[in-house]
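Have a look at the structure below, then the notes.
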There are 2 protein chains.
Amino acid sequence: MSQITIVDLAETLGLSKSTVSRAFRDSSDINPKTKERILAKAEELGFSPNLYASSLKGNKSYTIAIIIPEFGNKFFSQAIKGIELIARSKGYHTLIYVTDSNVQNEASIVRSLANGRVDGVLISASGEGRDHSHLQLLVDHHIPIVFFDRTYDDFNSHFVTGNDFESSRRATEHLIENGCKRIAYLVINQNVSIGKVRMDGYKKALSDHGIATDERLVLDTENDADVNRDAIRKLLLEQKPDGIFASVERLAISTMRVASEEGMRIPEDLKLICFSCLDITDLLQPSLSVVKQPAFEMGKHAANFLFQQLAKPIELTNQLTTLLESSLIFQNSSKKN
Amino acid sequence: MSQITIVDLAETLGLSKSTVSRAFRDSSDINPKTKERILAKAEELGFSPNLYASSLKGNKSYTIAIIIPEFGNKFFSQAIKGIELIARSKGYHTLIYVTDSNVQNEASIVRSLANGRVDGVLISASGEGRDHSHLQLLVDHHIPIVFFDRTYDDFNSHFVTGNDFESSRRATEHLIENGCKRIAYLVINQNVSIGKVRMDGYKKALSDHGIATDERLVLDTENDADVNRDAIRKLLLEQKPDGIFASVERLAISTMRVASEEGMRIPEDLKLICFSCLDITDLLQPSLSVVKQPAFEMGKHAANFLFQQLAKPIELTNQLTTLLESSLIFQNSSKKN
DNA sequence: GTGAAAGCGCTAACAA
DNA sequence: TTGTTAGCGCTTTCAC
């Protein structure tokens, strides 16, 4: 911690602490030469104004928080990269928290932020539970919140995400066009927004093509990779789908491994497409068809919106959603036989 | 921001602010009933003590920073996950910064931390430049620093990394044992520690097996993917290596793409092994042989050491290095013909 | 253009 | 066990 204070600096320079203080704020009028002298001395002594004293006076932390459910895939690392980039360009600092998709963790993290630690929060919902009152705490403290990728329906705020309904519809339609009759949908979690919206797109494509939805082909998964893998195996063996649409990358990866273990070939016996931000899908065996969200852009967009809110708060009476275009990349995993 | 203060709470309860303050600290003796009453009221009013006032008094931020050069691969996301986990278990918050492998960015970030914002710093060096005096600023402010994965030689501190020399030696030896005679080494950057150490391991394996080092087979790369790709193409075409040892994943990925474009088969014409934390190397075509660092463990280890330093500072007079064991996973990309 | 002084919200000696 | 009080280091009116 910085031992030297503004008073020390003032003394060594024969000035008052208010003058020294002014040298570090842009606004106040001060003799340019004095300012220069002060800044030079500060540099020499390695002094910079104590953050906590400034924040206590100014009631501003110049810090935002990112809360994400997991760190498993490239989507979140790209999104964080975008957020951090914008934040730093605005002179803001970025705190990072991982909830492990656990709403209790989410609540405890959120509670630790309401004491002025942050000026705003970017969050991708953990997806669990029905009680999201912890977020109300932020609202009460006038801390703006922006959701990205995953949200809660029961909460009015800004939400930045991909055009998941349409991408899902097109992904599913692509499987149909390539000959699939029994397409299974692997849900990340029925309670998270992305689970539902992506399922709606899936169902729309089915009904558009006169295919009835078979609930046995919809697999709701959990937070445990082993459990999911067994469930996928059961699905493949019992329901014999000829196409899989996975709402997240890790479920598609599990599917590839299980299919291989069970001697099913992709795409001959089973076609596969999923949401993923992986940048080496072309090198997989088979190359993987994906819906690729603009993760980096999404992070930047969400951050920019947060800073807009910080500059000029807007009261939201219902959820305001911004959709960013995802790209569909069709490769061998979904290829027609 | 929190409008309500400790004084407001005290007034509504007919107590003094010191009593209220005590209710939020664990140590001080206070009537359990009073404490309960205070905490209940605080909960009701959504009050929590202002962080900046506490920090200003206590000269402690309960915040650490992670500074990383890039966010491109799984290594860093896993390491961050480990760090954040430990930090939160200690009641600490974690700031994240990305330097984009640029030492100027690194310096400006570091400077913004020396004002008491953080109690400690975890850093993976950007790798550029010869002047690392910005880090001295942290030392002057008694902010402990722990390096992980990438360090600077000219700086005394704790450094947590993998047993890169030995892993590199074994990886290279593995290529030799599988018949390679002309093994190229792709360096991330000659100036970063990992570039050098991994090269030393490579050279050791060569000399152990009576193979002379051919400097034309050592390719120093830059921060630009396109430039690197062209350089790799040139290397493959002109030097005709029969094995590649890549010090980082992205160089191996570029190699796979270039090889494919030039009609070279892996592993028949060219064997490949690299450092990588990717968890789907088995699904690549061909499955990729890797040196896998314990990224999550490394993050936890580095964080734990930082907290040890925070609890009881130790003056380091030279670099203290902790090596964590990496695992070698041999798959098809390096298989004998 | 510069200085004096009050106070941001909290903590911790000290007193009661 | 609780209250009083003096700051933590800085910003910002208000004088000069």
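All of these numbers come straight from a predicted model, not from anything done at the bench. Chain naming here is simple, since letters A, B, ... match the order of the sequence lines and numbering starts at 1 in each.
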statement: Note: for B/Thr34 and A/Lys17 on DNA chain D, the residue whose nearest nucleotide lies more 5' is B/Thr34

- request: Look at the side chain of A/Pro49 and decide which nucleotide, out of D/dC10, C/dT2, C/dT11, has an atom nearest to it.
  value: D/dC10

message: Taking ring-ring contact (aromatic ring centres under 6.0 Å, His included) as the definition, give me every residue that meets it alongside B/His158, ordered by chain and number, with sequence neighbours left out.
response: B/Phe305

- line: note: B/Asn59, atom CG; C/dC10, atom P; distance rounded to Å ~ 18 Å

- prompt: In whole angstroms, how far is the P atom of D/dT1 from the CD1 atom of B/Ile38?
  reply: 13 Å

message: Between P on D/dG3 and CD1 on B/Ile30, what's the gap in Å once rounded to a whole number?
response: 9 Å

query: Would you say C/dA4 has OP1 or OP2 under 4.0 Å from some side-chain N or O of A/Ser16?
result: no

- prompt: B/Arg37 CZ to D/dT1 P: how many Å, rounded?
  reply: 15 Å

message: Using 30° and 60° as the class boundaries, would you call the ring planes of B/Phe159 and B/Phe147 parallel, tilted or perpendicular?
response: perpendicular

- prompt: Within this structure, what is the CD-to-P distance between A/Glu11 and D/dC10, rounded to whole angstrom?
  reply: 13 Å

Extract from the structure each pairing of a protein N or O with an N or O of nucleotides 13-16 of chain C at less than 3.5 Å, listing the distance.
none

query: Taking the side chain of B/Lys57 as heavy atoms from C-beta outward, which of D/dG9, D/dT2, C/dG9 is closest to it?
result: C/dG9

- prompt: Whole Å only: how far is the CG atom of A/Asn50 from the P atom of D/dC10?
  reply: 6 Å

message: Between A/Phe24 and B/Ala53, which residue's closest nucleotide on DNA chain D lies nearer the 5′ terminus?
response: B/Ala53

- request: Measure the angle between the two terminal helix axes of the helix from C/dG1-D/dC16 to C/dA16-D/dT1, five base pairs each, and quote it to 10°.
  value: 30°

task: Can you establish whether the number of heavy atoms outside B/Glu36 located under 6.0 Å from its atom CD is more than 12?
output: no

- prompt: Side chain of A/Thr5: nearest nucleotide among D/dT11, C/dT2, D/dC10?
  reply: D/dC10

statement: Checking D/dG3, C/dG1, C/dC10 against the side chain of B/Leu15 (C-beta onward), the nearest is D/dG3

query: Regarding A/Thr19 and A/Ser16, is there a side-chain donor-to-acceptor distance under 3.5 Å anywhere?
result: yes

query: What is the distance, rounded to the nearest whole Å, between atom CD1 of A/Ile6 and atom C1' of C/dA5?
result: 15 Å

- prompt: What do you reckon, are the aromatic ring centroids of B/Tyr92 and B/Tyr62 less than 6.0 Å apart?
  reply: yes

- request: Describe the nucleic acid contact of B/Ser55 in one word from base, sugar-phosphate, nothing, applying a heavy-atom distance below 4.0 Å.
  value: nothing

task: Take atom CZ of A/Arg25 and atom P of D/dG9, then tell me their distance rounded to the nearest Å.
output: 16 Å

message: Categorize A/Ser54 for me: base, sugar-phosphate, or nothing, with a 4.0 angstrom heavy-atom threshold over every strand shown.
response: sugar-phosphate

- prompt: With a cut-off of 6.0 Å (strictly less than), are more than 12 heavy atoms of other residues, nucleotides or ligands near CD of A/Glu44?
  reply: yes

query: Counting heavy atoms not belonging to B/Phe307, are there more than 12 under 6.0 Å from its CZ?
result: yes

field: A/Tyr152 and A/Ser126 side chains, donor-acceptor separation under 3.5 Å
entry: yes

field: Selection from C/dG9, D/dT2, D/dT12 that lies nearest to any side-chain heavy atom of B/Leu56
entry: C/dG9

query: Any side-chain donor-acceptor pair under 3.5 Å between B/Asp119 and B/Ser61?
result: yes

field: Any side-chain heavy-atom pair of A/Phe24 and A/Ile38 under 4.5 Å
entry: yes

